[in-house]
Asks: 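Questions regarding the structure given below will be posed in turn.
Chain letters run A, B, ... following the sequence lines, proteins first and then strands; every chain starts at 1.
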Amino acid sequence: MRLVTWNINSIRLRMGLLRQLTSVMAPDMICLQEIKVDDPLFPLADCQELGYPHVAFSGMKGYNGVAILSKLPFEDVTSLSRCGRDDRRHLAVKLAGGVQVHSLYIPAGGDIPDPEQNDKFAHKLDFLRDMAAWCAATIGPEDKVIIAGDFNVAPLENDVWSHKQMVKVVSHTPAEVELLERFQASADFVDAMRHFVPPSEKLFTWWSYRSPDWQKNDRGRRLDHVWVTPALRAGLRSTLVAREARSWTQPSDHVPVMVDLDL
DNA sequence: ATGGTGGCGCTGCCA
């Protein structure tokens, strides 16, 4: 099974790029984040025309929103609310055979890395705690679960262009990294990308819109992740970051991340 | 130290 996760930053604006992605990579499943469209306006027919008859989506007007496109049939579509908010950041489906696939969009957290001064950072930390508690309570040791999405945290030193210059910048602060690790430990998740790429190697999935020379300076971060439970570890086959997508016409600031695995 | 860009949708909010 080939799975791709992508923060598309408006599905309606980038339907053409989604088509490009499907023709280049031919994924069986696509987890999308930041679709930025209310459910009644979701381009369902367009997604099905791309070869994905099974589509789940949970959107809202203007912000957030997650979706799952699939060639494989699924059931038990669940839109999960986190931190008592209905902000459309977590969607789960179940494939035949019981494998769960989740599309997740963790809050970015604003600019100031202090929960006392910044409600958005407090929300991000709460969201990470919520995920850890929920996974610990609902995922058993034999369960096959894939959680993919924009986690908005770059945990390792080589998940950012400069650990030293980023350690006080939201996305790479110790408080977030520690809670992301707790979330990861809650179901003993395997980081599928780092399963193949050693931690000594830089690996990014996002480059800011604010640096026009993003290729030259390469000041990226690895904000997008695919995690699998131990029951799927032996099935992991390969991973790829579609870095070239950052140079597509009118790109998202995130690029697609692909993982091949046997279920 | 600062400001830099982009999407939504029409005013600032969010990333």
Side-chain angles (χ1 to χ4, degrees), chain A residues 5-21 31-43 46-47 57-67 81-83 85-91 103-115 117-128 148-155 159-162 164-173 175-176 180 204-225 243-257:
Chain A
T5 183
W6 189 24
N7 179 324
I8 194 169
N9 188 17
S10 171
I11 189 172
R12 286 177 295 175
L13 188 66
R14 274 180 258 284
M15 209 61 219
L17 296 189
L18 185 60
R19 178 179 298 276
Q20 198 166 335
L21 167 71
C31 294
L32 297 172
Q33 301 84 38
E34 282 208 274
I35 59 174
K36 291 187 174 176
V37 60
D38 206 0
D39 288 342
L41 296 173
F42 185 90
D46 292 336
C47 290
F57 50 91
S58 178
M60 57 190 284
K61 187 175 170 169
Y63 307 112
N64 309 330
V66 284
S81 84
R82 299 264 155 239
C83 310
R85 306 188 190 199
D86 181 27
D87 55 5
R88 311 301 176 98
R89 294 173 177 275
H90 187 181
L91 181 66
S103 182
L104 181 67
Y105 175 50
I106 293 177
D111 289 330
I112 303 166
D114 176 356
Q117 293 180 60
N118 174 5
D119 289 343
K120 287 188 275 194
F121 194 69
H123 179 217
K124 183 179 197 175
L125 300 183
D126 282 344
F127 196 104
L128 287 162
D150 175 6
F151 295 3
N152 268 313
V153 181
D159 292 338
V160 293
W161 62 278
S162 165
K164 195 177 167 187
Q165 295 192 65
M166 287 291 299
V167 75
K168 290 180 179 168
V169 175
V170 171
S171 72
H172 194 60
T173 65
E176 297 161 79
L180 187 77
F204 309 144
T205 65
W206 173 92
W207 293 263
S208 173
Y209 282 128
R210 298 181 194 183
S211 38
D213 53 351
W214 72 275
Q215 290 188 94
K216 187 177 134 212
N217 293 322
D218 197 20
R219 295 189 171 183
R221 309 176 196 174
R222 186 171 72 111
L223 302 180
D224 303 273
H225 301 267
R243 187 183 165 101
E244 70 277 11
R246 189 62 179 78
S247 296
W248 287 348
T249 305
Q250 201 171 28
S252 170
D253 45 355
H254 296 253
V255 300
V257 174

Asks: On DNA chain B, compare the nucleotides closest to Ile35(A) and Ser208(A); which residue's is nearer the 5' end?
Replies: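 Taking each residue's closest nucleotide, the earlier one in sequence belongs to Ser208(A).
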Asks: Given atom CG of Asn9(A) and atom P of dC13(B), what is their separation to the nearest angstrom?
Replies: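 After rounding, the gap between these two atoms is 19 Å.
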Asks: Please work out if Arg89(A) contacts a base, only the sugar-phosphate, or nothing of the nucleic acid, heavy-atom cut-off 4.0 Å.
Replies: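 Here Arg89(A) touches the backbone only, sparing every base.
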Asks: In this structure, how many angstroms lie between the C1' atom of dC14(B) and the CZ atom of Arg210(A), rounded?
Replies: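 Rounded to whole Å, this separation is 10 Å.
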Asks: Check whether any side-chain N or O of Asp253(A) sits under 3.5 Å from a backbone N or O of Tyr209(A) as a donor-acceptor pair, and report yes or no.
Replies: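 Here the side-chain-to-backbone pair does not exist.
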Asks: Between Arg14(A) and Gln250(A) (side chain of the first, backbone of the second, donor and acceptor by atom type, cut-off under 3.5 Å), is there such a pair?
Replies: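 Yes: the side chain of Arg14(A) pairs with the backbone of Gln250(A).
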Asks: Mind calculating the distance between CG (Asp150(A)) and P (dA15(B)) to the nearest angstrom?
Replies: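 Taking CG of Asp150(A) and P of dA15(B), I get 10 Å after rounding.
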Asks: Within the structure, does a side-chain N or O atom of Arg12(A) lie under 4.0 Å from either OP1 or OP2 of dC8(B)?
Replies: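 Checking dC8(B) against Arg12(A), no side-chain N or O comes under 4.0 Å of OP1 or OP2.
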Asks: Would you kindly give the OH-to-P distance between Tyr63(A) and dA15(B), to the nearest whole Å?
Replies: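 So the OH-P distance, Tyr63(A) to dA15(B), works out to 9 Å.
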Asks: Quantified in whole Å, what is the C1' atom distance between nucleotide dC14(B) and nucleotide dC10(B)?
Replies: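 The answer is 15 Å between these two C1' atoms.
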Asks: Quantified in whole Å, what is the C1' atom distance between nucleotide dA1(B) and nucleotide dA15(B)?
Replies: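 Their C1' atoms lie roughly 22 Å apart.
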Asks: May I have the distance from Asn7(A) (atom CG) to dG7(B) (atom P), rounded to whole angstrom?
Replies: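 Rounded to the whole Å, the gap is 12 Å.
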Asks: Just the rounded figure in Å: distance from P of dA15(B) to CG of Asn64(A).
Replies: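 After rounding, the gap between these two atoms is 7 Å.
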Asks: Looking for any heavy atom pair under 4.0 Å, which part of the strands does Arg219(A) touch: base, sugar-phosphate only, or nothing?
Replies: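 Arg219(A): no heavy atom of the nucleic acid under 4.0 Å.
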Asks: Strictly below 4.0 Å: does Ser10(A) bring a side-chain N or O up to OP1 or OP2 of dC8(B)?
Replies: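 Looking at the OP1 and OP2 atoms of dC8(B), one of them is under 4.0 Å from a side-chain N or O of Ser10(A).
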Asks: Which nucleotide, dT5(B), dC14(B), dC8(B), lies nearest any side-chain atom of Tyr209(A)?
Replies: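 Selected nucleotide: dT5(B).
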Asks: What is the distance, rounded to the nearest whole Å, between atom NE2 of His123(A) and atom C1' of dA15(B)?
Replies: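 Distance, rounded to whole Å: 14 Å.
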Asks: Mark yes or no for whether Ser103(A), through its side chain, and Leu32(A), through its backbone, hold a donor-acceptor pair below 3.5 Å.
Replies: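 Indeed, once roles are kept as given, a pair shorter than 3.5 Å links the two residues.
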Asks: Please answer whether the main-chain N or O of Ala108(A) pairs with a side-chain N or O of Lys124(A) as donor and acceptor at a distance below 3.5 Å.
Replies: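 Flag set: sc Lys124(A) to bb Ala108(A) pair under 3.5 Å.
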Asks: Could you tell me how far apart Asp253(A) (CG) and dA15(B) (P) are, to the nearest whole angstrom?
Replies: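 From Asp253(A) CG to dA15(B) P: 12 Å.
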Asks: Sub-3.5 Å donor-acceptor pair from the side chain of Asn152(A) to the main-chain atoms of Ile106(A), do we have one?
Replies: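 Yes.
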Asks: Whether Gln250(A) contacts dG7(B) is assessed here as follows: a side-chain N or O lying under 4.0 Å from the phosphate OP1 or OP2. Is that the case?
Replies: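 Answer is yes, contact under 4.0 Å.
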